[in-house]
Amino acid sequence: MVKKVVEEKKLFPLGKILPAMITLASIVAGLTAILLASRGAFEKAVIAVMLAAVFDGFDGRVARMFKASSQFGVELDSLADSISFGVAPAFILFFFSANEIKSIGWMAAVIYAICCVLRLARFNTMTGDEKVPAYWSSFFTGIPAPGGALLSLIPLSLFLATGEEIFKTPLIAILFLLIVGFLMISRIPTLSLKKIKLTRGEIAPVMILFIIALVLLYFHFWYAISVISILYLFTVPLTVIKFVKARKDYSV
């Protein structure tokens, strides 16, 4: 009597691959943003980058929720960020106005994209670094990739909000690409929203401001995005001041 040995197929719960699917959606959004920008659909291109940022904000949380975190997921996430927040904004600003200065505009776009990739590579190597002082845990080192994308697109957001041709000046786009690229690879401490703690009295005002922001986003989307981006830019010097104080308190 011959017994048939049936090999059991290894089954994977959907929750285990869901984080990777969300990360792949971020890549699709980033690549779509490039396509839209090449066709002159800049509003849709910026929204596609924002959509990629939403996906980027969820994949890690979903991975932790389903206990599906892995080194594969970390590397895939970095690849997605380099496309959606490095390559895509570079192409968007290049097609928007930087290409009018030809080689200089392209050079600025390349430098920005490379800075984003270098920033992500450094972030991966710093993960789990026990030598980092405790006070550093409340800050990012340099502008994070999604924040860099938001800041680099300020000229385009202002143009979409106001229609003023000055924001389409190629030099402005190039300067934003270079400055934001530098901020991403710098060791300047920047704001980490995850580490912000509120007192009981601050909760209500923050919730009211959040509601106001939602209303403004609904009725005046591009103005709201521009203001949010500029306010985020102004947090950089304020965060440096806070960091210096935290380092001083730590060393005492």
Side-chain angles (χ1 to χ4, degrees), residues 22-23 26-27 29-31 33-34 46 48-61 63 69 71-94 98 105-133 135-157 173-195 228-230 232-240 242-243:
I22 296 175
T23 305
S26 178
I27 295 176
L31 293 174
I34 297 173
V46 176
V49 172
M50 294 178 182
L51 183 61
V54 172
F55 289 135
D56 180 65
F58 276 104
D59 57 2
R61 290 173 175 79
S69 300
Q71 188 60 36
F72 172 81
V74 172
E75 299 300 332
L76 183 63
D77 184 67
S78 292
L79 176 61
D81 287 356
S82 65
I83 293 173
S84 300
F85 310 129
V87 177
F91 269 103
I92 291 172
L93 281 182
F94 179 75
W106 178 243
M107 187 183 304
V110 170
I111 290 173
Y112 170 85
I114 290 176
C115 285
C116 183
V117 172
L118 292 175
R119 188 258 182 278
L120 291 165
R122 184 181 65 188
F123 177 80
N124 284 350
T125 58
M126 288 178 63
T127 302
D129 190 349
E130 298 178 356
K131 297 180 180 180
V132 176
Y135 61 86
W136 258 111
S137 62
S138 299
F139 306 92
F140 285 122
T141 304
I143 296 288
L150 183 70
L151 294 182
S152 67
L153 294 172
I154 285 178
L156 178 52
S157 298
I174 290 171
L175 286 175
F176 266 84
L177 286 169
L178 296 177
I179 292 172
V180 175
F182 166 75
L183 288 175
M184 282 195 290
I185 62 171
S186 71
R187 296 194 63 83
I188 296 174
T190 57
L191 182 67
S192 175
L193 294 177
K194 297 178 182 178
K195 301 296 182 179
I228 291 171
S229 303
I230 293 171
Y232 178 59
L233 182 61
F234 279 112
T235 66
V236 175
L238 295 176
T239 305
V240 172
K242 183 180 178 182
F243 173 82

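Side-chain contact check for Ile92 versus Ile34: every heavy-atom pair is 4.5 Å or farther apart. Proximity of Leu93 to Ser152: side-chain heavy atoms (C-beta onward) are separated by under 4.5 Å at one or more points.
Under a 3.5 Å cut-off, the side chain of Ser84 and the backbone N or O of Asp81 do not form any donor-acceptor pair. Ser78 places no side-chain N or O within donor-acceptor distance of the main-chain N or O of Glu75, the cut-off being under 3.5 Å. Side-chain atoms of Thr190 come within 3.5 Å of backbone atoms of Gly142 as a donor-acceptor pair (strictly under, hydrogens ignored).
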Which side-chain N or O atoms in residues 173-188 pair as donor and acceptor under 3.5 Å with protein atoms at least two apart or in another chain?
unit_1	atom_1	unit_2	atom_2	d
Ser186	OG	Leu183	O	2.9
Ser186	OG	Ile188	N	3.3

Next on the checklist: Apply side chain to side chain contact (heavy atoms under 4.5 Å, CB included) to residues Tyr232 and Ile143 and explain how you reach the verdict.
Outcome noted: CA-CA 10 Å; Tyr232 178 59; Ile143 296 288; 4.0 Å; yes
Next on the checklist: Between Ser192 and Phe140, does the side chain to side chain contact (heavy atoms under 4.5 Å, CB included) criterion hold? Intermediate values first, please.
Outcome noted: CA-CA 6 Å; Ser192 175; Phe140 285 122; 3.8 Å; yes
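Summarising the geometry of Tyr112 relative to Ala90, their closest heavy-atom pair is CD2-CB, 3.9 Å, with the distance given to 0.1 Å. Taking every heavy atom of both residues into account, Ser229 and Leu151 meet most closely at O-CD2, 3.3 Å. In plain terms, the two heavy atoms of Val49 and Ala149 that are nearest each other are CG1-CB, 4.2 Å.
A distance of 8.5 Å separates CG of Asn124 from CG of Asp77, quoted to the nearest 0.5 Å. Note that CD1 of Ile27 is 13.0 Å distant from CD1 of Ile22, once rounded to the nearest 0.5 Å. How far CZ of Phe234 is from CG of Leu238: 9.0 Å, rounded to the nearest 0.5 Å. Between the CG atom in Leu120 and the CG atom in Leu118 there is a gap of 9.0 Å [rounded to 0.5 Å].
Taking the side-chain contact (heavy atoms from CB on, under 4.5 Å) definition, one finds that Pro146 meets it with Asp56, Phe85, Pro144, sequence neighbours left out.
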